[in-house]
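Right, one structure below, let's go through it.
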Amino acid sequence: MAQSTLDSGAVEADHGRGDGGMKVITWNVNSIRMRLGRVRALLLRHRPDVLALQEVKVPAALFPAAEIEDLGYRAAVFGQAGRNGVALLSPHPLETVERGFPGDPVPEQARVIAATVEGVRVVDVYVVNGQAVGTPEYEIKLRWLEAFAEWLRAEHRPEEPLLLVGDFNVTPDDRDVHDPERWRGRNLCSGPERERLRALLDWGLIDLLRLRQAGPGPFTWWDYREGAFHRGWGLRLDLALGTRPVAERCLEVTVDRDERRPTSGEGKPSDHAPVIVVLR
DNA sequence: ATGTCACTTTACAAGTGA
């Protein structure tokens, strides 16, 4: 049963185009169990070729794989009980799945999963949050970004088709902040973390959303507190970064803000909105 | 700075992390 639905899903995900195009969505769901209804609706609405999830907050054994398979998707999960956890969903084969990376300063935390889908290496990251500048957690965040960049440089080449997506917990620059003065120097917007992200880009990655949208905005995350979404107090923390071969195929990048709305969809929203990347 | 949310523990509340 599962196999036949997987086959039909693969056909639908291509939108009948048969043109080698590819739709990749990244979404920090803040618990897959709480968000299953919305994830299901997103898969049916967009039929992405890849859905990269962060903060699934379950060990792999408790990931709702059967519900996902019923929609024609396979899941590769790097899970963790209660915190973190990343997963890649696709109707296509997920080849050469890699969980974590050598040199991770916090290897007990599930933050990176990678797989090759339709010839594109998709790397899904959930970067250390960092809590606040000056805390030990912030120092770990900087070290983590350095170690991840070192691994990327060692294992990959900028000439490869590689798409790095996820929740980076860093705003690339002030255009990604609703009120740059209010956020100046604080965690998610501070200089040192932006320098680490910049180093990653300098290796050979392009911020795909900025190819066609100069900003300021759009944002992808709004705090649950203080009615931040309603007041427009957002940040862009969720990014899609591509090597040149991927950037050349990029048609558009959009943010599905409706998913952050409390009144739309099944159950409560995540504090992050999905980012949708379309490649030709 | 914090008006929320989801998780955990030994659970019928409080602490943690985001």
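In what follows, chains are A, B, ... by sequence order, proteins preceding strands, each numbered from 1.
Taking hydrophobic clusters as Ile, Leu, Val, Met, Phe, Trp and Tyr residues chained together by side-chain heavy-atom distances below 4.5 Å, A/Val165 does not share a cluster with A/Val125. A/Trp203 and A/Val127 fall within the same hydrophobic cluster, defined by Ile, Leu, Val, Met, Phe, Trp and Tyr side-chain heavy atoms under 4.5 Å apart, directly or through other members.
Comparing the C1' positions of B/dC12 and B/dG17 gives an interatomic distance of 23 Å, to the nearest angstrom. B/dT2 and B/dA6 have their P atoms separated by 22 Å, given to the nearest Å. One P atom belongs to B/dT10, the other to B/dG15, and the distance between them is 14 Å to the nearest Å.
Residue-to-nucleotide proximity on DNA chain B shows that, of A/Gln109 and A/Lys57, the 5′-proximal contact is made by A/Lys57. For the pair A/Arg33 and A/Asn28, nearest-nucleotide mapping onto DNA chain B gives the more 5' position to A/Arg33.
For A/Arg231, the listed nucleotide lying nearest its side chain is B/dG3; candidates were B/dA18, B/dC7, B/dG3. Which of B/dA6, B/dT2, B/dA18 sits closest to the side chain of A/Gln131 comes down to B/dA18. With B/dT2, B/dC7, B/dC5 as the choices, the nucleotide that has an atom nearest any side-chain atom of A/Tyr224 turns out to be B/dC5. Taking every side-chain heavy atom of A/Arg111 into account, B/dA18 is the closest of B/dC7, B/dA18, B/dC5.
Protein atom CG of A/Asp167 is 13 Å distant from nucleotide atom C1' of B/dG17, rounded to whole Å. Atom CG of A/Asn129 is separated from atom P of B/dC5 by 18 Å (rounded to the nearest Å). A/Phe168 places its CZ atom 18 Å from the C1' atom of B/dA18, with the value rounded to the nearest Å. Separating the CD atom of A/Glu226 from the C1' atom of B/dC5 is a distance of 14 Å, rounded to the nearest angstrom. Atom CH2 of A/Trp222 is separated from atom C1' of B/dT2 by 19 Å (rounded to the nearest Å). The separation between A/Asp271 atom CG and B/dG17 atom P is 17 Å, rounded to whole Å. With rounding to whole Å, A/Glu137 atom CD is found 7 Å from B/dG17 atom P. Going from atom CZ of A/Arg260 over to atom P of B/dA18 covers 18 Å, rounded to whole Å.
Among the protein residues, A/Arg35 comes within range of the sugar-phosphate backbone only, with heavy atoms under 4.0 Å from sugar or phosphate atoms but none that close to a base. As judged by a 4.0 angstrom heavy-atom cut-off over every strand, A/Gly227 is placed among residues making no nucleic acid contact. Across all strands shown, A/Tyr126 has heavy atoms under 4.0 Å from sugar-phosphate atoms exclusively, and none from any base.
Using modelled atom types, one side-chain atom of A/Arg196 and one backbone atom of A/Pro192 make a donor-acceptor pair closer than 3.5 Å.
Residue A/Arg83 places no side-chain N or O under 4.0 Å from the OP1 or OP2 atom of B/dT8.
Counted by atom type alone, A/Asn28 and A/Glu55 present one or more donor-acceptor pairs between their side chains at under 3.5 Å.
When ring centroids are compared, A/Phe101 and A/Trp144 come within the 6.0 Å threshold.
Between A/Arg210 and A/Asp176, at least one side-chain N (NZ, or NE/NH1/NH2) sits under 4.0 Å from a carboxylate O, which counts as a salt bridge.
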